[in-house]
Amino acid sequence: MSDLAAKMRAIVGDANVITDDFAAYANDWRKKYFGKPLLVVKPGTAAEVAAVVKLCAETKTSIVPQAGNTGLVGGGVPDESGTEVIISVARMNKVLEVDTINNTMTVEAGCILQTLQETAAEHDRLFPLSLAAEGSCRIGGNISTNAGGVQVLRYGNTRELVMGLQVVLPSGELWDGLRGLRKDNTGYDLKHLFIGAEGTLGIITAAVLKLFPAPRATQTAFIALESPQKALDLLSHMKGALGDRLTAFELISAFGLSLVTKYFPQLKSPLPGDYPWFVLTDIADSRDAAALTEEVEVALGVALEREIILDCAIAKNETEGKRMWELRENMTESQVHEGRSIKHDVSIPISKIAEFISAADAALEAAYPGVRIITFGHVGDGNLHYNIAHPLATHTEPNWVKEWEKVNLIVHDTTAKFNGSISAEHGIGQLKREEIKRYKAPLELAVMRQIKVALDPQNIMNPGKVI
Ligand code: FAD
Ligand code: MLT
Ligand code: ZN
């Protein structure tokens with residue numbers, strides 16, 4: 001056993017230092033990155049994290065923070081040098097306090113997101129962060145990626161849901177910013193540095209999260225439309241009719257939906273006709289369900305009359321609504337079964353989405369005739385997942401991934417033309433580290449580097465990620 005492993009064991013206990021079986025930690029969810037860690041260390045408390053990081057700082061050992069390991073940009077995966085230590089916060093999974101008057105919840109970084117949603121519901125509150133990986137991602141990872149998901153439209157990104165943080169800095173010092181304050185203008189708001197930093201500035205050990213009143217009724221609708229422009233017209237119409245009760249508004253292309261029903265045949269489209277585009281939407285209210293259903297029916301009726309939509313199915317009960325959402329939640333996995341696609345996570349001003357789709361589709365079709373595009377995502381937030389599967393006639397899956405750089409250039413240059421972002425919610429990690437240099441202003445990158453050097457002068461905290 002190495003000297004470092006022995007010292008780590010003295011801090012966290014023998015069972016919590018892994019030296020050989022790295023299978024659950026060394027690869028990412030998509031099986032794109034295969035790392036080789038020196039050790040995996042699993043502290044049980046913030047004090048243990050601080051001691052482990054201090055030891056790494058003294059020995060100049062690189063650290064890779066990890067939570068649920070569902071990230072999509074390789075941020076939580078070590079390099080192949082066999083010298084990096086993964087610090088997993090998975091054992092730190094206690095809810096420390098729920099305060100229903102302050103409407104906050106103080107939690108350790110290793111809590112599974114779904115557990116936090118359930119804890120909030122047990123207290124008649126809502127913790128609105130929601131994404132398909134919620135059964136396995138952990139809040140420390142959600143905060144570190146500033147995760148988005150399907151309710152950003154109403155409640156904002158993770159950044160908007162975090163009120164306080166506790167963080168172990170790269171020196172091993174513990175910063176306790178676990179404050180549940182709605183107002184605090186006492187200088188730079190440090191928590192925002194760590195939110196979305198993808199583990200490059202410190203390890204988040206706990207957080208104070210914002211809670212909301214639990215909705216009394218939620219109405220789900222699955223809607224068929226002619227085009228992405230009609231989806232934008234519908235968004236505007238629904239916002240006008242229902243205000244901020246519109247909590248989710250997701251676009252799904254017919255090809256994307258067909259992959260879900262192909263690989264999950266138990267899931268059926270609520271609108272089996274031959275439609276090109278769909279929107280899945282949730283409307284939530286604190287009033288009773290019958291009144292809400294009526295308002296949604298009226299709003300969609302008007303949309304039908306005005307020919308904004310082609311057809312719609314309104315869920316009759318919660319079970320039917322959940323079934324509609326299963327179609328959306330299995331989109332990512334169904335694409336894995338179809339063969340590796342070249343994924344994108346772009347954002348553009350909402351009003352420009354239809355134009356963006358036309359421009360990017362045309363540029364790709366010109367370069368790769370017969371290209372198969374899976375367009376879906378959080379259109380209500382201006383965020384599209386625009387994934388490009390191999391053209392069947394000309395490419396096999398292994399040939400297709402070699403086109404990675406060329407395809408990215410087409411999609412990301414088109415994004416830039418619309419003043420968009422090449423990473424709306426998944427982060428930079430390793431996947432887009434080189435690519436952001438083309439799209440982010442040199443001054444912005446320089447300031448990011450200055451912040452990194454100020455906090456992590458030895459460059460031990462997740463090196464090689466983000467910048
Ligand atoms: P990890 O993968 O473990 O880590 C992610 C990053 O955070 C890494 O850089 C890691 O080093 C760092 N990190 C982890 N823990 C800490 C910590 N305690 N302190 C400091 N740094 C840390 N993302 C969305 O935004 N929206 C979606 O809708 C969405 N849907 C998804 C659906 C599926 C099926 C899958 C597989 C992923 C999806 N994701 C989505 C991506 C992913 O789930 C999120 O990025 C999530 O927030 C990552 O959480 P995690 O616990 O798995 O973090
Ligand atoms: C989603 O919205 O489903 C995710 O962000 C995952 C993905 O992009 O595949
Ligand atoms: Zn997403």
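Read the numbers this way: they start at 1 and go in the same order the structure lists the ligands and their atoms.
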Looking at [X] and [Y], would you say the former's side chain and the latter's main chain have a donor-acceptor pair under 3.5 Å?
X      : Y      : value
Gln166 : Ala207 : no
Ser258 : Phe255 : yes
Glu134 : Gln114 : no
Thr281 : Ala248 : yes

Contact between [X] and ligand 1, counting heavy atoms under 4.0 Å?
X      : result
Gly429 : no
Glu329 : no
Asn462 : yes
Gly202 : yes

Exercise. Among the N/O/S atoms of Glu425, select the one at the shortest distance from the Zn ion (ligand 3) and name it.
Key: OE2
Self-check item: the Zn ion (ligand 3) to His385: nearest N/O/S atom name
Solution: NE2
For a quick check under 3.5 Å, do [X] and [Y] share a side-chain donor-acceptor pair by atom type?
X      : Y      : result
Asn383 : Asp345 : yes
Gln335 : His385 : no
Tyr439 : Lys432 : no
Asn462 : Thr200 : no

[X] heavy atoms, cut-off 4.0 Å: which ligand 1 atoms fall inside?
X      : answer
Ile203 : 19 (N), 20 (C)
Ala132 : 32 (C)
Ser144 : 7 (O), 12 (C), 13 (N), 16 (C), 17 (C), 19 (N), 20 (C), 21 (N), 22 (C)
Val89  : 18 (N)
His378 : 28 (O)
Ala147 : 25 (O), 47 (O)
Glu198 : 9 (O), 11 (O), 12 (C)
Gly76  : 8 (C), 9 (O), 10 (C), 11 (O)

Quiz item: Within 45° of the axis and under 6.0 Å from the centre of the six-membered ring of Trp404, does NZ or CZ of Lys32 qualify?
Solution: yes
Practice problem: Please find out if the Zn ion (ligand 3) and some N, O or S atom of His378 are separated by less than 2.8 Å. | Solution: yes
[X] N/O under 3.5 Å from ligand 1 N/O:
X      : result
Ala109 : no
Pro65  : yes
Gly71  : yes
Trp29  : no
Ala133 : no
Cys137 : no

Distance to 0.1 Å, residue and atom name: give those for the protein heavy atom nearest to [atom].
atom                    : result
atom 38 (C) of ligand 1 : Leu72 CD1, 3.7 Å
atom 15 (N) of ligand 1 : Ala67 CB, 3.4 Å
atom 19 (N) of ligand 1 : Ile204 N, 2.9 Å
atom 53 (O) of ligand 1 : Gly141 CA, 3.4 Å
atom 50 (P) of ligand 1 : Gly68 N, 3.5 Å
atom 23 (N) of ligand 1 : His426 CD2, 3.6 Å
atom 1 (P) of ligand 1  : Asn69 N, 3.5 Å
atom 25 (O) of ligand 1 : Gly148 N, 2.9 Å

Pair [X] + [Y]: basic N to acidic O under 4.0 Å:
X      : Y      : value
Lys322 : Glu326 : no
Arg438 : Glu435 : no
Arg30  : Asp28  : no

Answer yes or no: is there a side-chain heavy-atom contact under 4.5 Å between [X] and [Y]?
X      : Y      : result
Glu250 : His378 : yes
Phe249 : Ile283 : no
Met461 : Val53  : yes
Lys210 : Met163 : yes
Ile353 : Leu232 : yes

Quiz item: How many angstroms lie between CD1 in Ile223 and CG in Leu280, if you round to the nearest 0.5 Å?
Solution: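 Going from the CD1 atom of Ile223 to the CG atom of Leu280 covers 8.0 Å.
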Identity of the nearest option to [atom], non-hydrogen atoms only, from [options]:
atom                    : options                        : value
atom 29 (C) of ligand 1 : Asn146, Thr158, Thr332, Leu131 : Leu131
atom 37 (C) of ligand 1 : Ile139, Thr70, Val73           : Thr70
atom 27 (C) of ligand 1 : Met461, Glu108, Arg138, Glu425 : Glu425

Quiz item: Are Tyr386 and Phe356 an aromatic pair by the rule of ring centers under 6.0 Å?
Solution: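 Here the rings of Phe356 and Tyr386 have centres that are less than 6.0 Å from each other.
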Quiz item: Does the ring center of His395 lie less than 6.0 Å from the ring center of Trp400?
Solution: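 Centroid separation for His395 and Trp400: below 6.0 Å.
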Quiz item: Which heavy atom in Ile350 sits nearest to a heavy atom in Asp381, and how many Å separate them?
Solution: CG1-C, 4.0 Å
Quiz item: For Thr205 and Val167, which heavy atoms make the closest approach, and how far apart are they?
Solution: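 Thr205 and Val167 have their closest heavy atoms at OG1-N, 4.1 Å.
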Self-check item: Contacts of His344 that satisfy ring-ring contact (aromatic ring centres under 6.0 Å, His included) - sequence neighbours left out
Solution: His412
Exercise. Mind checking whether Lys465 contacts ligand 1 via backbone (N, CA, C, O), side chain (CB onward), both or neither, at a 4.0 Å heavy-atom cut-off?
Key: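 Looking at Lys465 and ligand 1, no heavy atom falls under 4.0 Å.
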Quiz item: At under 4.0 Å between heavy atoms, which part of Thr145 makes contact with ligand 1: side chain, backbone, both or neither?
Solution: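 Side chain only.
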Self-check item: Protein residues that have a heavy atom under 4.0 Å from any atom of ligand 2, sorted by chain and number
Solution: Leu72, Arg328, Thr332, Lys343, Phe376, His378, His385, Glu425, His426
